[in-house]
Structure formats: structure tokens, C-alpha cells
Amino acid sequence: MRWTQTYIPTLRDAPAEAELISHKLLVRAGYIRRLASGIYLYLPLMQRVIQKFSQIVREEMDAAGAVEITMSALAPAEVWQKSGRYETAGREQMRLKDRHGRDYVLNGTHEEVITSLVAGELKSYKQLPLNMYQIQIKFRDEIRPRFGLMRGREFIMKDAYSFDADVESHRLSYQKMVDAYFKIFKRAGLDSRMVESDTGAMGGESAHEFIVIVDTSAGEEYLSFCDTCECAANREKATFRDENPPTIDTETKDLEKVTTPNVTSIEQVTKFLKAKFLKVDAQRLVKTLIYNADGKPVVALIRGDRELNETKFNNLVHAVELELADEEMVRKVTGAPVGFAGPVGLKDIPIYADNEVLALKNIIVGANENDTHYLNANLDRDFTITESGDIIAASEGDLCPKCEGRLMCKKGIEVGNTFMLGTKYSESMGAKFLDNNGKEKPFFMGSYGIGITRTPQAAVERYHDDSGIIWPKNIAPYQVEIVPLNYKQDPLREAADSIYAELTAAGIDTLLDDRADRAGVKLNDADLIGCPVRITIGAKSLDAGNVELKARNSSDVQLVQVSEIHEAVKAMLETLK
RNA sequence: CGGGGUGUGGCGCAGCUUGGUAGCGCACCUGCUUUGGGAGCAGGGGGUCGGAGGUUCGAAUCCUCUCACCCCGACCA
């Protein structure tokens, strides 16, 4: 492609609204333009990136035995009402009416649509397993769109849906997708990490996310992974092993009330009590956290040296909205100022305890009274709990749950996800088949997404420098950019044209900067848009029959004879990621 | 939805406090010169100052309402 025949509006300054470096670069380098909040136009370069990545996705999905279809972006509301998600999807779902006043939604995902497709016609176990996917525009009325393509209201996604007759086959289908995902991200030049994730609104049995780790602030997902084994999890889900299990008293002691003037935090309480009674550590303290669950107070008990994981906690509480209670609620519930809450004497409030707390004896807790704590409180004798579970957060340096390694915590960008849905949707929507005994059964379904527009931005976030983007070769809009420093000079132009023709004929995606601009402008733009290989043609080296070959990710420059440039380019591309 | 902020030519901004009829850099067009990391000179085009109403002889500037956008939070691929 010749630069003057396409449209690459590069900008010297990034628009003020862009926050992330990747967002700024995509705008500055002329890949995207914003039409409205969370709605972007894909310009020629972006279109090529999207197509390249989509093609990789297609090839790997096809290789994994999935078949491509296209489902509508629009769907009648009934389809969503059937699964019950019309109500639960809430304000995130884009809705509209047609001219007759009938209700429609702009699909944010397609479980309902594909289930209704399959419900009437996929009837026999002989047709299973089946996996269908599409690459489609999705709509989500995000509360707050941001970060360019990362969180838009309209975006492109690959979504696949698998149908199986039984659990074993279901697991196999799931594994095939997982394998395909690793291949896809690898081909796109990205190191991805698969982590366990919370199933969230999607529901189902288990779920994983595929994450690209980034160092910048762009990462929205926190994940923890082991530095030794393959164990990795989203922070919402991460578990760890207790490194120094507390010594548990053998006998229970009598409950004792002590005055603790002005000591409200765990650190203060520990310090205060140590000074007084010695042998007190944070592990013996139990934190009592009051939460506001949809307007009603609930209590979380965790060991004093732990942090609460709100996602895990809410998996016990099942609240729509869960947040730390304000001072007023705490006073109302405990009858004491913040800092002295404890489970002893709390009435009519659900109390959820972390598993670790169950094992403890003679714990120290607030006494629901100003400046007072209890020593030697014991479960069942002094207080009761509603339910227990794992509700604590893993943090950097904790012991891996499966090996002797340490957990590391990093930020990442979620680029794909996989859900083992089981029979949740097929049951609610009546999607059934006949097994080999002629018995009617609901399908085992899986759902698998990849962010087609988000992933390239994640790549930019991962691969860039001060001058611009550095694309992995397989998703770069062009693999090679030719920069004749002065296109008006006959020898330079002729050399540029002939190399362009040769590379293009050889099937190498090549961009020729045939603009009449000065060298500096073109070189800067070349760095900005980030093609992995650059061929620079200048008068001095061309006099000796040479052009310059340079990789975007390196400062090394090779002088190459014009006659050998094709081979040299191929060789260089081989070495690049 | 709560808190904070911004709307002035395609992009980045000044002007607003103290009202007097719009300016700078980049980009764009023409010409000449220049030509290896965002050139120089000269000339030029483009803005109902987000919108509506009000105050005033006069509003980008003051007041009221409204819309859009951005940041922090809750939500999420």
C-alpha cells in the first residue's frame, strides 16, 4: 500500500481525553478515532490489524474443530426474557424498540441467541459435540466507557459456544478451546496467562481468563501466579497456603473483658495487648468487618493478619451491592464507635466467618463497647456464625496453594475468557437433545470469548517505546514499511518502487511512504505506526547500491544491497516475535 | 448514580478574574528555498467561542438552565 493512497492521519499531540499510552498511540498513529464515548471508528491501519488478528483466531478455531457462523447483532427481547437475563442484565444491556413498539436488545453476548438457534433443531446425540463461533460486534452500555478500545460500548468479540452430550465430552471441548487460546495469543506475539476466575454474572461451573501481563497502569485485572508452578488465579479467586499457622490453644479459657482506650486498629490492639499480656499476635485477633449488603448489615470475621476478598465474601452473601458499612451503620449495629466491633452479642445479623477463624480458640475481638475488647472469645460458646468459607485475599509473597513457590501479584489485561457453563442455559431455555437411550437431556454448554479489538490494544500497551508502537509481526498492519527519504529524487523513488513491487509480489505486507514530506516527518511517523521492519532509502547509501534495514524494536541498522533486500527482509522477519 | 473537572478552527491550548466584537502552536492550501529524525520565509483558507435563555449600549468573558466529554468510585470482556 502506498501511503498517499490510504488514510493515516497521524497527530503530533494526543487528544486530551486519552489516558492510557496505548490509547494515545492508537489515536496519534491514525488507527482509531472516537465518534462518541466508548464508540470508535477503525481507520485503515486498525482495520488491517483487526483482520490479521481475526484471521489468526479463525484459523485456530477452525483447527480446533469449531465452525464459523454469524448471528445477528439485534435480538428480540423475548430471547433474553426466556433465559431470565433480560431482567438481570440490567442497564448494561442496550435496548431499543422498533417502529411497532416491539422490544429489542443489541446483544452484548450471544448465549441466548445461539441456544434458541440450536433448541429446535440440534436434537440428536449423534450431532454432538458441536462448537460454533462468530466474530461479531457486541454492545454493552458500560457505566463508564474508558481506555479507548479497552472498555467501549461497542466492540468486536469472537465468541464460541460448545454443545456436548455429557460432562466428559464437555471437559474435552473446553480443553480444546483452552489449547486454541494459547496458540492464538502466542501467534499474536503475546504471552498470555490462564487464570481461574470467578464465574460472575455468566454463571456456570468454572471459568478461566486469559491475561496479558503489563507493567503499565492499563491492567484492570489483578492476578496472582506462582513463581514456580503453573498455578495462577485472578485475585478474586486466588487462594494460598497459610505459612505460619497459629498455635491453637488446647483448652478454652474464660471470656474476659479488657479496657483498650483509643486502640482501634489491629496493629494498635496487638501492640497494646502485647505490652500488657505478652504473647499476643495478630493471628489471634479476629477482625470484625461490618458490610452493607443491599442496605442490610452483614458481618465478616477474618483473622487479624488477613485482608478480606470482597468477591469471595459476596459469593457467601449473595448481595447485589456490597460495600463497607459507613460509620452510622456500624454504630447502629454495634452500639460502639468504629474499631470496637465484635461478634459477641451481635443479634439478628448474619455473621460470615473465614475458614481460618473456625480453628482458632481464645480469640481477641471487639466488645461492641467503646474502648473495650474481649479476650478468649470462642465460637459456639460466646457467639455463633451463619456460614463460613474462604473469604480472604491472597497477596504477593504468600505461599502457592499447590507447591512451595511464592505468589506474585501483577496487573494484566483480560483478552479472553472461557466458561464451562454446564446445563444452566440449556435448562432454562429448554435446549435438549435425545441421548442414545432416547432420553431427553439438556446440552452441556461452554462459552468462549476473545476480545478482537481489545487484544491489539493490549499488544500496544505491552509493546511500545517513547516513539510509538512496536507491533508483533503477525498482527502488524504491515510487516514492512519502506521509507524513501526523498521520494522526489528519481534514484530513490525508483529503488523504493522496485523494492515495494518485489516485496508485495512476494506476499509481504508492505507500506510505502511515498509522501513528499521531509525525512524527519516520515521517520517519526514510521516509528509511530510501528511496522516491525523498516527499509530506509537514502541518497548516500543508495550510491553504493545499499538500502538500510532496521527492526523497529532495535537500533541496529544493516546495510543491504538492493538485490538482496528481499531475502534480508525475510530473514529479519523470521527472527522477530 | 455520587464526587471532581473541561467544552474556544482538524489536534493541543491562551483569552474569562477586571465585558469592548477572537488569538497562539501544530495541521491544511499557494509560491520560493530546503531535504537523514516532526524545516525556513512570504502569502492564504477555516471558529454563530457546546447549546438555549437572561443581564447589558455591548457577552467567549457575568447569571440561569441544559447537553457533551474526561477523571476518581461502584459495574464489566
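Basis for what follows: all heavy atoms, side chains included, without hydrogens, waters or symmetry-related copies. These numbers come from a predicted model, not from an experiment.
- Comparing C72(B), C69(B), C11(B) by their closest approach to the side chain of Ala36(A) singles out C69(B).
- Heavy atoms of Ser541(A) sit under 4.0 angstrom from at least one base atom.
- Residue Arg515(A) places no side-chain atom within donor-acceptor reach of the base of G38(B), judged by atom type and a 3.5 Å distance cut-off alone.
- The separation between Ile143(A) atom CD1 and G2(B) atom P is 13 Å, rounded to whole Å.
- With RNA chain B read from its 5' end, the first of the two nearest nucleotides for Asp13(A) and Lys522(A) is the one closest to Asp13(A).
- Rounded to an integer number of Å, the gap from Lys488(A) NZ to U34(B) P is 11 Å.
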Open item on the list: Checking Tyr500(A) against Trp3(A) for the ring-ring contact (aromatic ring centres under 6.0 Å, His included) test, could you report, in this order, the C-alpha distance in whole Å, the side-chain angles of both residues, the deciding distance, and whether it holds?
Closed with: CA-CA 12 Å; Tyr500(A) 172 65; Trp3(A) 192 296; over 10 Å; no

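- One donor-acceptor pair, N or O on each side, does fall under 3.5 Å between the base of G37(B) and the side chain of Asp527(A).
- On the P atoms, G15(B) is 15 Å away from G9(B), given to the nearest whole Å.
- Ring-centre distance between Tyr31(A) and Tyr42(A): not below the 6.0 Å cut-off.
- A60(B) and G50(B) are spaced 10 Å apart, taking the P atom of each and rounding to whole Å.
- Of the listed nucleotides (C72(B), A77(B), U35(B)), A77(B) has the atom at the smallest distance from the side chain of Arg454(A).
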- [ ] Could you give me the CA-CA distance, side-chain angles and deciding distance for Tyr161(A) and Met71(A), then say whether side chain to side chain contact (heavy atoms under 4.5 Å, CB included) is met?
- [x] CA-CA 12 Å; Tyr161(A) 305 91; Met71(A) 290 182 277; 3.9 Å; yes

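- For the pair Leu190(A) CG and A77(B) C1', the computed distance is 16 Å after rounding to whole Å.
- Nucleotides G5(B) and C63(B), compared at atom P, are 15 Å apart to the nearest Å.
- If you take atom C1' in G51(B) and the same atom in A59(B), they sit 15 Å apart, rounded to whole Å.
- With hydrogens and angles ignored, a donor-acceptor pair closer than 3.5 Å exists between the side chain of Arg28(A) and the base of G38(B).
- Between the P atom of C13(B) and the CZ atom of Arg12(A) lies a distance of 15 Å, rounded to the nearest Å.
- With rounding to whole Å, Gln489(A) atom CD is found 12 Å from U34(B) atom C1'.
- The distance between atom CD1 of Ile8(A) and atom C1' of G10(B), rounded to the nearest whole Å, is 17 Å.
- In this structure, Gly152(A) reaches the bases: a heavy-atom distance under 4.0 Å links it to at least one base atom across the strands shown.
- Nearest to the side chain of Glu414(A), among A77(B), C70(B), C75(B), sits A77(B).
- Between Asn524(A) atom CG and A39(B) atom P the separation is 8 Å, expressed in whole Å.
- Contact annotation for Arg144(A): base contact, defined as any heavy-atom pair under 4.0 Å involving a base atom.
- Of the inter-residue distances, the one linking Arg58(A) atom CZ with Phe53(A) atom CZ reads 11.5 Å to the nearest 0.5 angstrom.
- Rounded to an integer number of Å, the gap from CG of Asp543(A) to P of G36(B) is 13 Å.
- Remark: side-chain polar atoms of Arg153(A) are paired, donor with acceptor, to backbone N or O of Ser37(A) under 3.5 angstrom.
- Nucleotide C69(B) forms a pair with G5(B), judged by Watson-Crick or G-U wobble geometry with both contacts under 3.5 Å.
- Gly538(A) comes within contact range of at least one nucleobase, with a heavy-atom separation under 4.0 Å.
- Listed candidates were G38(B), G36(B), C72(B). Nearest to the side chain of Leu485(A) is G36(B).
- Remark: A60(B) base-pairs with no nucleotide; criterion is Watson-Crick or G-U wobble with both hydrogen-bond distances under 3.5 Å.
- U18(B) makes up no base pair with any nucleotide shown, lacking Watson-Crick or G-U wobble contacts both under 3.5 Å.
- Nearer to the 5' terminus of RNA chain B, by closest-nucleotide assignment, is the contact made by Glu548(A) (compared with the other of Glu548(A) and Ser37(A)).
- Base pairing annotation: C24(B) forms a Watson-Crick or G-U wobble pair with G12(B), both donor-acceptor distances under 3.5 Å.
- Seen from the ring of Phe182(A), Arg193(A) does not count as a face-on cation partner, given the 6.0 Å and 45° thresholds.
- The base of G37(B) lies outside donor-acceptor range of the side chain of Thr536(A), with no N or O pair under 3.5 Å.
- In terms of polar N and O atoms assigned as donor or acceptor, the side chain of Asp517(A) never comes within less than 3.5 Å of the base of G38(B) in a complementary pairing.
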